[in-house]
Amino acid sequence: MSEIINNNHNEQEELELNEILQVRRDKLSELQLSGNDPFQIVKYDVTHKTGEILANFEEFEDKQVSLAGRLMSKRGMGKSSFCDIQDVDGRIQIYVRINDVGEEQYESFKKLDIGDIIGVTGRVFKTRMGEISIHADSYTLLSKSLRPLPEKFHGLKDQDTRYRQRYLDLIVNPDVKKTFITRSRIIAAIRRFLDARGFLEVETPILNTIPGGAAARPFITHHNTLDMEMYLRIAPELYLKRLIVGGLDNVYELGRMFRNEGMSIKHNPEFTMMELYQAYTDYHGMMELAETLISTVAQEVIGTMKIEYQGQQVDLTPPWPRITMIDAVNEHSGVNFNDISSDEEAIEAAKAKGMNIEGSPSKGEVLNMMFEEYVEDKLIQPTFIIDYPVEISPLTKRKADRPELTERFELFITGREFGNAYSELNDPIDQKERFVDQVKKREAGDEEANMMDEDFVLALEHGLPPTGGLGIGIDRLIMLLTDSFSIRDVLLFPTMKPKER
RNA sequence: GAUCCACUAGCUCAGGCGGUAGAGCACUUGACUUUUAAUCAAGGUGUCCGGAGUUCGAGUCUCCGGUGGAUCACCA
């Protein structure tokens, strides 16, 4: 029934098709009427890909090969033609001659459109101009393209179309394909690195009843049978630490997080994060792991630790400097928080520097504000900023000798945050109090403050070993290693508003 | 959420002070048996993002709306 409706709908649409679309549909109908419906073909025997032939011509010269791909250009010259087909590796030129394929096949070859998918068998050779090509002895139309591709020379530039119809972007812009292949390799290299060090990859719930582990507004959804609100996770932290309580000792999760916040070149509502937890180590252990992980992945995937990001030279060779937040703020603003003893004094110092302070933040909060204002965007080379104020670190172990600070670091490269890690707070009584503080902030209107998670506290009461935890923003790491300007350039399908029809 | 910019043929883009829309590629037809942004000849492209207004007349000016981009705010 629905098919009938669709067919009627299609017929109505066809009346309005412009010439370019109509010609292609007519060619398809002709093929179908003559018993050559390309959509009935189910497989094609591909023996080689373009990449291996282009890379090893001497080995392949005069050998018979079978390739398949998308027709990207056509240069007809009467009784012979050249065309290019593109597969996952790239493009190769095909030479088709009437003497070799016969009159009938040659006539139908001339009717192929750019964008069609074809299979070709033939012999590898080099043209007079020196281009490695396939001298075809037969070809098969494997799928008909009913729409024209974007222009061959300028490609597809319209950002809106590139994101909404990413397949077109992938077909015509080779750098885009390269970026996403690199993305996949980076993620595979991260898994290899962690697996080799004894980490166990786990999966924790994306549907949460209490979203925790980060300061962020969650997406809210509804479960029908349970008839209750649920939240998409903002971080996996509280689940992963339960697994450390459970004795899994070294775990990681690499997956999608969801935060209901603003979008920018650095933020997409869903993004990929890697979090790992290692029992019996602390944030110093996490620093070593973070710098080793990122530099190793760069070396393996990019082939170097010295990279360029948007014109800036960045050297990822470890070790990376460790600077306390207090020292960093002192260095860049001249305000030494070691000499500040009260909240009021801190606010005065910030105001004296010309900062606009609203409400009555604590000393630690002012320190963090001054860090963001004076230091963050200056940290181009990889730098660990360590010892964060306890007020902004509700899940972090305090420094034994300075309980107002915590054993936490964030990693900065190119002025952006790439990672966040700490010695995990394992004192259930302190954790309970920190949650109570967060709940107060929440009740005071801070929508990003943590909710009370009694089940998590219960887990800690059973005993969490001293543990180091590390989170790395994977999309940002991929941006860095692929020299991508916007997070949307490393997401195949970035979040888009639907177009109003 | 705020500000600025963009939206014209399938794609990439031009359209001066308001006078009824153009190029290249792609497409159609023809020529051409090693071309390569193939070439040569001829031909057709259109909801100028949508709506309203001003005007004799709007792609162009004004207002409202849509989508995207950049910057800012918030965050990772």
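Predicted, not measured: the structure shown is a model, and the values here were computed from it.
- Within the 4.5 Å cutoff, side-chain heavy atoms of A/Met77 are placed close to those of A/Phe82.
- Counting any heavy atom pair closer than 4.0 Å across all strands shown, A/Met273 reaches no nucleic acid atom.
- Remark: P of B/C25 and CD1 of A/Ile114 are 12 Å apart, rounded to the nearest angstrom.
- The number of heavy atoms from other shown groups lying within 6.0 Å of NZ (A/Lys49) does not exceed 12.
- For B/A37 and B/G24, the C1' atoms lie 10 Å apart once the distance is rounded to whole Å.
- Across all strands shown, A/Lys27 has heavy atoms under 4.0 Å from sugar-phosphate atoms exclusively, and none from any base.
- Taking the C1' atom of each, B/U12 and B/U45 are spaced 16 Å apart, rounded to whole Å.
- Closest to the side chain of A/Lys152, from the set B/A73, B/U71, B/A37, is B/A37.
- A 6.0 Å sphere centred on NZ of A/Lys440 holds no more than 12 heavy atoms belonging to other residues, nucleotides or ligands.
- Atom CZ of A/Arg217 has 12 or fewer neighbouring heavy atoms from other residues, nucleotides or ligands inside a 6.0 Å radius.
- One N or O on the side chain of A/Asp87 and one on the backbone of A/Gly90 form a donor-acceptor pair closer than 3.5 Å.
- Comparing B/C7 with B/G50, their C1' atoms are spaced 12 Å from each other, to the whole Å.
- In this structure, A/Arg24 does not reach the B/C27 phosphate: none of its side-chain N or O atoms is under 4.0 Å from OP1 or OP2.
- Between A/Arg233 and the options A/Glu270, A/Glu253, A/Glu203, a salt bridge (charged side-chain N to carboxylate O under 4.0 Å, His left out) holds for only A/Glu253.
- Listed by chain and residue number, A/Thr182, A/Arg185, A/Ile186, A/Ala189, A/Val297 satisfy the side chain to side chain contact (heavy atoms under 4.5 Å, CB included) test with A/Val301 (two or more places apart in sequence, or in another chain).
- Distance NE2 (A/His135) to C1' (B/U35): 13 Å, rounded to an integer number of Å.
- Nucleic acid contact class of A/Glu448 (heavy atoms, under 4.0 Å, all strands): sugar-phosphate only.
- Under the rule for a side chain to side chain contact (heavy atoms under 4.5 Å, CB included), the partners of A/Ala216 that lie at least two apart in sequence or sit in another chain are A/Ile234, A/Arg259, A/Glu261.
- Taking only side-chain atoms of A/Arg128, from C-beta outward, the nucleotide of B/C13, B/U35, B/A37 with the closest atom is B/U35.
- If you take atom P in B/G18 and the same atom in B/A58, they sit 13 Å apart, rounded to whole Å.
- Each of A/Asn420 and A/Leu112 was assigned the nucleotide of RNA chain B with the nearest heavy atom; the assignment lying further toward the 5' end belongs to A/Leu112.
- Annotation: B/A6 and B/G15 have their C1' atoms spaced 16 Å apart (nearest Å).
- Computed from coordinates, the A/Arg75 CZ to B/U35 C1' distance equals 6 Å when rounded to whole Å.
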- Task: Using Watson-Crick or G-U wobble pairs with both distances under 3.5 Å, give me RNA chain B in dot-bracket, 5' to 3', with [ ] for crossers and | for pairs to another strand.
- Result: (((((((..((((.....[..)))).(((((.......))))).....(((((..]....))))))))))))....

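- Atom name P, nucleotides B/G46 and B/A23: the rounded distance is 14 Å, in whole Å.
- Rounded to an integer number of Å, the gap from NZ of A/Lys110 to P of B/U29 is 10 Å.
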- Message: Between A/Tyr139 and A/Ser108, is the side chain to side chain donor-acceptor pair (under 3.5 Å) condition met? List the steps.
- Response: CA-CA 10 Å; A/Tyr139 88 93; A/Ser108 62; 3.0 Å; yes

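- Distance A/Lys111 NZ to B/U29 C1': 13 Å, rounded to the nearest Å.
- Residue-to-nucleotide proximity on RNA chain B shows that, of A/Phe418 and A/Gly76, the 5′-proximal contact is made by A/Gly76.
- Across residues 472-491 of chain A, A/Arg476, A/Phe485, A/Arg488 each have a non-hydrogen atom less than 4.0 Å from an atom of RNA chain B (numbered order).
- Nucleic acid contact class of A/Glu131 (heavy atoms, under 4.0 Å, all strands): base.
- Between the side-chain ring of A/Tyr163 and the base of B/G68, no stacking contact exists by the 5.5 Å and 30° definition.
- Residue A/Asp446 is classed as having no contact, given no heavy-atom separation below 4.0 Å to the nucleic acid.
- Applying the side chain to side chain contact (heavy atoms under 4.5 Å, CB included) rule to A/Asn420 yields the partners A/Arg408, A/Glu410, A/Glu417, A/Tyr422; only residues at least two apart in sequence or on another chain are considered.
- Within a 6.0 Å sphere centred on CZ of A/Arg256, heavy atoms belonging to other residues, nucleotides or ligands number 12 at most.
- Checked against B/U35, B/G68, B/C27, the side chain of A/Glu19 finds its nearest nucleotide in B/C27.
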- Given side chain to side chain donor-acceptor pair (under 3.5 Å), test A/Asp26 with A/Gln22 step by step and report yes or no. CA-CA 6 Å; A/Asp26 291 346; A/Gln22 191 57 55; 2.9 Å; yes

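- B/A9 and B/G22 are spaced 10 Å apart, taking the C1' atom of each and rounding to whole Å.
- A/Ala235 comes within 4.0 angstrom of no nucleic acid atom, judged by non-hydrogen atoms across all strands.
- When heavy atoms are screened at a 4.0 angstrom cut-off, A/Asn99 is found touching base atoms of the nucleic acid.
- Nucleotide B/U67 holds its P atom 17 Å from the CD atom of A/Gln165, rounded to whole Å.
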- Message: Run the salt bridge (Lys or Arg N to Asp or Glu O under 4.0 Å) test on A/Glu107 and A/Lys110 for me, step by step, so that the C-alpha distance in whole Å, both residues' side-chain angles and the decisive distance to 0.1 Å come before the verdict.
- Response: CA-CA 5 Å; A/Glu107 282 310 306; A/Lys110 286 206 286 190; 3.8 Å; yes

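- With its glycosidic angle within 90° of 0, B/G16 adopts the syn conformation.
- Contact annotation: A/Lys497 reaches the phosphate of B/U67 (side-chain N/O to OP1 or OP2, under 4.0 Å).
- Among the heavy atoms of the strands, none lies under 4.0 Å from A/Arg416.
- At the heavy-atom level, A/Ile265 lies under 4.0 Å from the strands shown only through sugar-phosphate atoms.
- For B/U47 and B/G10, the P atoms lie 6 Å apart once the distance is rounded to whole Å.
- Exactly one residue among A/Arg162, A/Lys157, A/Arg488 makes a salt bridge (charged side-chain N to carboxylate O under 4.0 Å, His left out) with A/Asp169. That residue is A/Arg162.
- Put simply, CG on A/Asn356 is 11 Å from P on B/C74, counting in whole angstrom units.
- With contacts defined as side-chain heavy-atom distances shorter than 4.5 Å, the pair A/Thr140/A/Pro38 does not qualify.
- If you check distances only, the side chain of A/Ser80 never reaches the base of B/U34 with a donor-acceptor pair under 3.5 Å.
- Within the nucleic acid shown, A/Gly471 has no heavy atom closer than 4.0 Å to any nucleic acid atom.
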Distances for protein N/O vs nucleotides 2-10 of chain B N/O pairs under 3.5 angstrom?
from	atom 1	to	atom 2	distance (Å)
B/G10	OP1	A/Asn18	ND2	2.9

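- Between A/Glu30 atom CD and B/U28 atom C1' the separation is 14 Å, expressed in whole Å.
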